[in-house]
Structures are given as structure tokens and as C-alpha cells.
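Worksheet: one structure, shown below.
In this chain, residues are counted from 1 in sequence order. Just follow the structure's listing: the first ligand is 1, and inside any ligand the first atom is 1.
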Amino acid sequence: MNIAGISVRELAEKYDTPLYVYDFAKIRQNARRLKQAFLSDDVEVDFYYAMKANCNPEILGIFISEGYGMDCVSPGELRLALETGAAADHILYTGNYESPADLQAAFNAGVKINLDDISSLGRLLEVGKPELITYRINPGKGRGKYEQITTGGDKAKFGVPYEKAIQAYKKAMDVGITRFGAHMMTGSGVLDEEHFPRMLELFMDQLGEIKKALGINFEFIDMGGGLGIPYYGDKKSLDVERVARETLKVFRRKVRELNLGNPTLALEPGRYLVGDAGILISRVTGIKNGYRTLVGIDAGFNTLIRSALYGAQHTILVDGKEESEPTMLADICGQICENTDIFAKDRKLPETEEGDLLIFTQAGAYGSVMAMPYNLRFRPAEVAIVDGEDKLITRRETYEDYISRFQRI
Ligand SMILES: Cc1ncc(COP(=O)(O)O)c(C=O)c1O
């Protein structure tokens, strides 16, 4: 198999496994396709890259050069976004149970602050009073590919419940804050085009109520991310042009009907932009024929946690045998000492042997960023393919990196 014209086998030999590899041209293409889909004469649309999906600075650089702002969720992300060249006024800081130190960092940086709760406002005011704030509103509904990534609705831990939103904005007005945005992020990995305009309609109706009660003109309305990509077993990809068309229609109509002024529409996608541009290459280290057939590989949930965390299923190809008949039924497991370190159960595979390379596709988002050195198996390297050349963009973590944090007493 090749990625962007480079053989996966050569990459594995050169950089060792497990290894993340990204096709940078594909990332740029995704960034442009989404912007193009939302291009409109009468609605200003602003894009923030959700850097939590993959925060390698070279990847952030692509989005900055394509005119994207940054969606940050921690002081660490904020610092990296700024150091990589994102403009402070094009950064949205969306915390969750923000500490005073978190809010201090966001306030000092002069970025837009999106508060997770009414109580967050009190903590922010201890630090300073920005001219503009946003609240992350939980509109009471949400949808994600898995329950674990559904971030709106009454089971979610995020945001100000809609019923308290008027009170939240009122409190901010009462202390003299004069400029406002509104934000929701209700779930991730959605492949249903209709979901996005439907959620926006519900949300904008709620904003209409806030406007009626308080007279606020929102400067921007952020509909979050959540645009899905097809993983193993999904039958379709997301038609982003249709999402854009339908969403813009709702946006225009609701702005008019509810007299919402002249807000910008904002989006903060992560997965859609980088997910399908990355693969994870791993090597088969052992095959066991016991109660079940178990194919063991040198990646585990320490490398790619999505399966252990959400039960997410990736397409897994055996290099050089992509066209071979699947003759084996096997579980695919990592080396971590946890029984949850299983990527797939009863997966059909071609005849697979020790030393074969297993390739996880759609591994560009929420992959390397969630890697951890559990069991002292260190974090993988990352390589970018740029103009037909492979370039190391993150070196493999070493034993020395890890133990340098220990202090003997
Ligand atoms: C606040 C916020 N914005 C944007 C995103 C990006 O979501 P996605 O990768 O599904 O587009 C997330 C993901 O969890 C998020 O929490």
C-alpha cells in the first residue's frame, strides 16, 4: 500500500513502527473543500480548527495558512496555537470547568473566551473583564456517533443548559460586558447531513428567545464541529456541500425571522479536516491460536485509544494483501497489559503472519494526540508526506524523555 505515493513498507523500515503518517495535501484539500462549500455572498462564515483532533505544529501551520482560526481547550493548546502563529483575535478558548489559571491564560492572551457555565463567569471576573464573551450553550439535545462523544443533551457534562442561558447572559450584561457570541457543540462523528441544519434551527430559535429577553445582538453563532468521516462499517461519507447549503439556508432564514442582526456563522471542525488524511502503521508481533485466533500488533490503546475508549472500529488492512481473500477470523490486539486493549473482534483478515504490517486508516484525528506511555511503551513518531517526500514531524518518544520527569528522593 502507498500513502501519497510512498510505500508503507519503506516508511515502516525507515521510521519503525508503530508510526503515524499524514498526507499533507489531503489535509489542505479538506480545509479548502469545507471553506468552499460554505462560501456565500451574504453570510460571513468563519472557521476554527479544533486543534484537539491533531495538534502537531506543522498541521496547525496548514490551517493557519488556509485562513482558519484555532479552537483551543486548554492553556497548553492556547500557547501552542499562539506560538505556531495563530492570531489572538482568531482563537476561541472553550474550556470545561475552567480553573482560575485557565481563565487567566485566556484573558491574558486576549482571545475570545467561551464560558462553559454561569459559574465560570464569576471566576473569569476575578481575573479580568473582557469586552466580549461567549457561552457554550447546551441546547438540550445532542448527537454523536457514540454516546461517549455526544456532548449535548441532559447526559452531557458540557455547557450552560439552555433553560439557564438567559440568566447567564443577563449576569454578564449586569457586570458591564457588552459584546457577545453564542456557541454549541453537541456531538462528534455525525454522518447525517440533516442533523446540522436541524440543530442550528433549534439553537437559533433559542438565541431568538435570548435576544427577545435581553436585546443582545450576537456577533457570531458557532455551531461547533461534529462533521463525521466514514470509519469501518459506515456505508457513506458526509456530503459537506449539502450540509453547507442546508445550514446556510437555515441561518439566513432564522437571522431574518428572529431579527438577529448581522452575526457571523462559525464552525470548529476537527475530525473532518484531518481524520482521513492519516494512517497508523503497526507490525504483527505474534499470532495466537487458542480459544480464539488473536493477532497481536505493536500498537495498542497506548498508540490509538479510540477502540478501547468508545468501541470505535477502524478499517485495518494487511499491507500487500489488500486484495487477498479474507480467510481468517481474528481479534486484533495490542501489547498493553489490559484486556481492553483490543482493536477489533472477529475481524475478517487475509492470511496474516508475524511481521506483516497492519494499516489503520482514518487515523489522523484523535489518534496520536491521545497516545500515552502506559506500560512504558512510548509515544509513536509522526511523519508527513509533503510534495512526494516523507518528513519526520514528531520523533518517537524515548525512555530518556519519560524518565527525565522522575525525581528521586
Ligand atoms: C468545543 C469543541 N469544538 C470542536 C470539536 C471538534 O469536533 P469534531 O472533531 O467532531 O469536529 C470538539 C470535539 O470534541 C469540541 O469539544
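A side-chain donor-acceptor contact under 3.5 Å links Asp276 and Asn30. Of the N and O atoms on the side chains of Tyr22 and Glu382, at least one donor lies less than 3.5 Å from an acceptor on the other residue. Under 3.5 Å, the side chains of Tyr162 and Glu209 contain no donor-acceptor pair of N or O atoms.
A heavy-atom separation below 4.0 Å is found between Gly226 and ligand 1. Heavy atoms of Ala53 come nearer than 4.0 angstrom to ligand 1 in no pair at all. Put simply, no part of Tyr48 is less than 4.0 Å from ligand 1, judged by heavy atoms.
Using a 4.5 Å heavy-atom cutoff, the side chains of Arg198 and Asp192 are in contact. In this structure, the side chains of Phe158 and Asn96 come closer than 4.5 Å at one or more pairs of heavy atoms.
To the nearest 0.5 Å, atom CG of residue Leu294 and atom CD1 of residue Ile342 are 7.5 Å apart.
Considering backbone and side-chain N/O atoms, Thr94 never comes within less than 3.5 Å of an N/O atom of ligand 1.
Those atoms of ligand 1 that come under 4.0 Å of a heavy atom in Gly225, given as number and element, are 11 (O). For ligand 1, the atoms lying closer than 4.0 Å to a non-hydrogen atom of Ala50 are 4 (C), 5 (C), 6 (C). Heavy-atom proximity to Pro269, at under 4.0 Å, picks out these atoms of ligand 1: 11 (O). Counting the atoms of ligand 1 from 1 in the order shown, those under 4.0 Å from a heavy atom of Arg136 are 1 (C).
Among all protein heavy atoms, the one lying closest to atom 12 (C) of ligand 1 is Lys52 NZ, 3.3 Å. Considering only non-hydrogen protein atoms, atom 10 (O) of ligand 1 sits nearest to Ser188 OG, 2.4 Å. At the shortest separation from atom 9 (O) of ligand 1 among protein heavy atoms lies Tyr366 OH, 2.5 Å.
Checked against a 6.0 Å centroid threshold, the rings of Tyr48 and His90 count as neighbours.
Considering each of Glu268, Arg271, His183, Met223, the one bringing a non-hydrogen atom nearest atom 4 (C) of ligand 1 is Glu268.
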Side chains of residues 3-13: which donor-acceptor partners sit under 3.5 Å, not counting sequence neighbours?
unit_1 : atom_1 : unit_2 : atom_2 : d
Ser7   : OG     : Arg9   : N      : 3.2
Ser7   : OG     : Glu10  : N      : 3.0

Problem set entry | Criterion salt bridge (charged side-chain N to carboxylate O under 4.0 Å, His left out) on Arg123 and Glu98, from CA distance to verdict | CA-CA 8 Å; Arg123 297 194 296 282; Glu98 313 91 327; 3.3 Å; yes
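Residue contacts with ligand 1, taken as heavy atom pairs separated by less than 4.0 Å, do not involve Ile149 at all.
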